[in-house]
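Working notes for the structure below.
Residue numbers begin at 1 in each chain, while the letters A, B, ... track the order of the sequences.
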Amino acid sequence: MTPNEYLSKILDEQTLAEDSDELKQLRERRQDVEDLLRADFGSSPTIRYGGSKSKGTMIKEAYDLDVICYFPRDDDDAGGTLESIFENVKKSLAKKYIVVPKTSAIRLQGQNYQDFHVDVVPGRFVDDNKEDAFLHRTTGEKKRLKTNLDLHIEHVKDSGVVSSIRLVKLWRIRRGLSIKHFALELLTIEVLKGKKSKSVDAQLEYLWQKLRDEVESIKIEDPANPSGNDLAELLNDAVRQELSTAASSTLAAIDRDGWEGVFGKLATTSEKKAAVIEAARAVSAPSRPWCHC
Amino acid sequence: MPNLWRGETDDEIRAALEVRYPSLRLARPENRRVIMGAFNVQHTGHFLGGFQVEVLLDVPDELGLPTVREVGGRIPRMPERHINDKFGTACLYLPEDLAVRVREPLGIIEFLDGPVRNFFLGQIGAEMGTPFPLGEWGHGADGVKEMLTQLLGSDDVGTCVAFLELLSRKVIKAHWPCPCGSGRSLRDCHDGVVRRVRQRLPLTTRRFLLERARKHFPEGQTTRNRP
Ligand SMILES: [Zn+2]
């Protein structure tokens, strides 16, 4: 098997089928969120999918659904300020969910704190064109962020490197990297912009070499607001250093063990199950979980 | 109380993680020492699963070992999954059991390779429909009772506490009455059990077991039903 074939099989493993439980649950959850928001805010907000679902970059191991909820420019029902919109949407969702505020989104969890993989992003359209929108920021000095959902979606969809983006996403989650997914996606597109015609394995190796050797030279900007949104903090020195170290050890792993050293052996579900049982048998110092509540 | 934590410097921990667990890193948010990142369970080249974790080095449990949290929301926080509270604290082991099993204090890698990996391997099993292939302890005092039964051979908690009281003494005489309540002397009864446990476990561990048993079974002394 060539590296390219191997990687395409890894991507198959990471693809959620339309009729998978995960996607079914996400669709139900989206409907539920919409019902909840419509009950409180009526027909005025625009509610739709954003994030990896609309960009085509979903992977099984980190599938997050962004549901955007943008209010018209002149609608004050949900709140006069971005902050009050954020708070009111949060309040509405909290009727049913445990809500965890993030930088510009609200993360939903079930009553036992299980993550539902859903971020609701409240905002307000800049004008009546309903394209650019302002989001509230819960952290940092700047409390307002201008964004554009369709531009973000196009930027990724038209990048020509969607497969690499998905694999980089998998790499990020498995390496436990602290860089925000949004920033890593922009970075991947930026670094690979002249490499679209290369095979996926060549693209990834090029990206990791760049991260290993020249990480400080990489610049990213937000396509929705190139001059306005400063992404420097998303790619600060610590984040760059971490990326560089991870890229270096990933390249070393490829040299040593081939691509399986990065993403593991290909396996069917039953082979994986067997590996779990086998792994349990191989444990030399067993300990069992307990519970004291 | 037994201390099972070897205690390494930050530099030692960083260096060890870099080699063995490159997806975990030692951070110092608000001056706390926390290991963060992805805890991956692998076996013979298979990637079995990954969990977002925090290992709180400054929050030791009763054995001196760090507290581990699952923070990715992958595991529902419920007793059946051995996540005990709303903070996502993982109940990796029964302290009594680990105190009996572990001879030498653990360094960070031994801790992660052992109880932490066993726990998450069990969680992957639970997701795949083969829950906790290494077994699991009964909830609360039930689990403690199971463990003491295995160790002391009696399923009566009162008797177990009596055995542990005897075992917590520095000196034990063979002519003393056997804690099982038979009325015979130890020499003519459960001497073998007592000798075996004394040989296997240091005094601090035996006393730890007694202290914990008294806590779990405050009624132990009065309700014991002697055979
Ligand atoms: Zn006896």
Side-chain angles (χ1 to χ4, degrees), chain A residues 10 13 61-62 98 100 107-117 170-178 238 242 245-246 248-250 252-253 257-258 260-267 269-293, chain B residues 18 22-25 36-50 52 72-86 88 90-95 97-98 101-102 113-115 117-119 121-122 124-125 128-130 132-140 143:
Chain A
I10 288 290
E13 277 186 11
E61 270 177 48
I98 290 176
V100 184
R107 187 84 172 171
L108 302 186
Q109 294 179 339
Q111 292 311 318
N112 57 17
Y113 299 89
Q114 189 169 21
D115 186 51
F116 282 147
H117 303 270
L170 183 62
W171 177 67
R172 170 185 174 269
I173 192 92
R174 291 214 182 151
R175 294 295 302 221
L177 299 175
S178 56
E242 193 184 281
T245 307
S248 164
S249 81
T250 300
D257 308 317
E260 282 188 357
V262 184
F263 293 115
K265 279 185 190 159
L266 291 165
T269 310
S270 61
E271 284 168 339
K272 245 188 182 169
K273 237 182 204 176
V276 171
I277 305 285
E278 170 57 34
R281 264 194 216 117
V283 167
S284 58
S287 54
R288 321 180 202 164
W290 179 54
C291 163
H292 51 70
C293 42
Chain B
E18 210 174 297
S23 60
L24 293 172
R25 65 193 170 276
M36 300 176 171
F39 186 88
N40 296 330
V41 182
Q42 297 170 84
H43 180 65
T44 59
H46 284 285
F47 181 87
L48 302 179
Q52 285 178 57
R74 175 162 171 178
I75 309 174
R77 294 177 185 178
M78 46 166 77
E80 294 72 31
R81 294 293 289 274
H82 306 285
I83 297 279
N84 284 311
D85 53 36
K86 64 184 180 127
C91 212
L92 303 174
Y93 45 73
L94 178 65
D97 180 55
L98 210 70
R101 282 173 185 278
V102 173
D113 280 349
R117 184 174 182 274
N118 292 346
F119 179 84
L121 182 60
I124 294 167
M128 287 186 154
T130 51
F132 303 101
L134 295 168
E136 47 190 323
W137 293 106
H139 291 184

For [X], which atoms come within 4.5 Å of any heavy atom of chain A: side chain, backbone, both, or neither?
| X | value |
| --- | --- |
| B:R81 | neither |
| B:L98 | side chain |
| B:E136 | both |
| B:H82 | both |
| B:Y93 | both |

Pick from [options]: which one has the most heavy-atom pairs with chain B under 4.5 Å?
| options | result |
| --- | --- |
| A:Q109, A:R107, A:E278 | A:E278 |
| A:A275, A:A285, A:S249 | A:A275 |
| A:G261, A:G110, A:S178, A:A282 | A:S178 |
| A:E260, A:R281, A:E271, A:E242 | A:E242 |
| A:L177, A:I98, A:D115 | A:D115 |

* Donor-acceptor under 3.5 Å (B:R117 side chain, A:V283 main chain) ->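 Not at all, since once roles are kept as given, no pair shorter than 3.5 Å links the two residues.
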* Backbone N/O of B:T130 and side chain of A:K273: donor-acceptor pair under 3.5 Å -> no
The ring-ring contact (aromatic ring centres under 6.0 Å, His included) partners of B:W137 (sequence neighbours excluded) come to none
Taken in chain and number order and not counting sequence neighbours, the residues that satisfy ring-ring contact (aromatic ring centres under 6.0 Å, His included) with B:F39 are B:Y21, B:F120
Q) Of all of B:P115, B:C91, B:G45, B:G49, which one pairs up most often with chain A through heavy atoms under 4.5 Å apart? A)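 Max contact count across the listed options: B:C91.
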Answer key: most heavy-atom pairs under 4.5 Å with chain A among B:L92, B:L94, B:D113 is B:L94
Straight-line distance of [X] [atom1] to [Y] [atom2], nearest 0.5 Å:
| X | Y | atom1 | atom2 | result |
| --- | --- | --- | --- | --- |
| A:H292 | B:H139 | NE2 | NE2 | 11.5 Å |
| B:R77 | A:Q111 | CZ | CD | 12.5 Å |
| B:R25 | A:T245 | CZ | OG1 | 11.0 Å |
| A:I277 | B:L121 | CD1 | CG | 9.0 Å |
| B:H43 | A:K265 | NE2 | NZ | 8.5 Å |

Considering non-hydrogen atoms only, spot the tightest contact between [X] and [Y] and give its length.
| X | Y | value |
| --- | --- | --- |
| B:P76 | A:N112 | CB-ND2, 3.5 Å |
| A:P289 | B:F119 | CB-CD1, 3.9 Å |
| A:A279 | B:L48 | CB-CD1, 4.0 Å |

inquiry  = Are B:P22 and A:R175 packed together at the side-chain level, in the sense that at least one heavy-atom pair is separated by less than 4.5 angstrom?
reply    = yes
Check whether [X] gets within reach of chain B through its side chain, its backbone, both or neither, counting any heavy atom under 4.5 Å.
| X | result |
| --- | --- |
| A:S284 | neither |
| A:I173 | both |
| A:A238 | neither |

message: Quick one, B:F47 with A:E61, criterion side chain to side chain contact (heavy atoms under 4.5 Å, CB included). Give me CA distance, side-chain angles, the key distance, then yes/no.
response: CA-CA 12 Å; B:F47 181 87; A:E61 270 177 48; 3.5 Å; yes
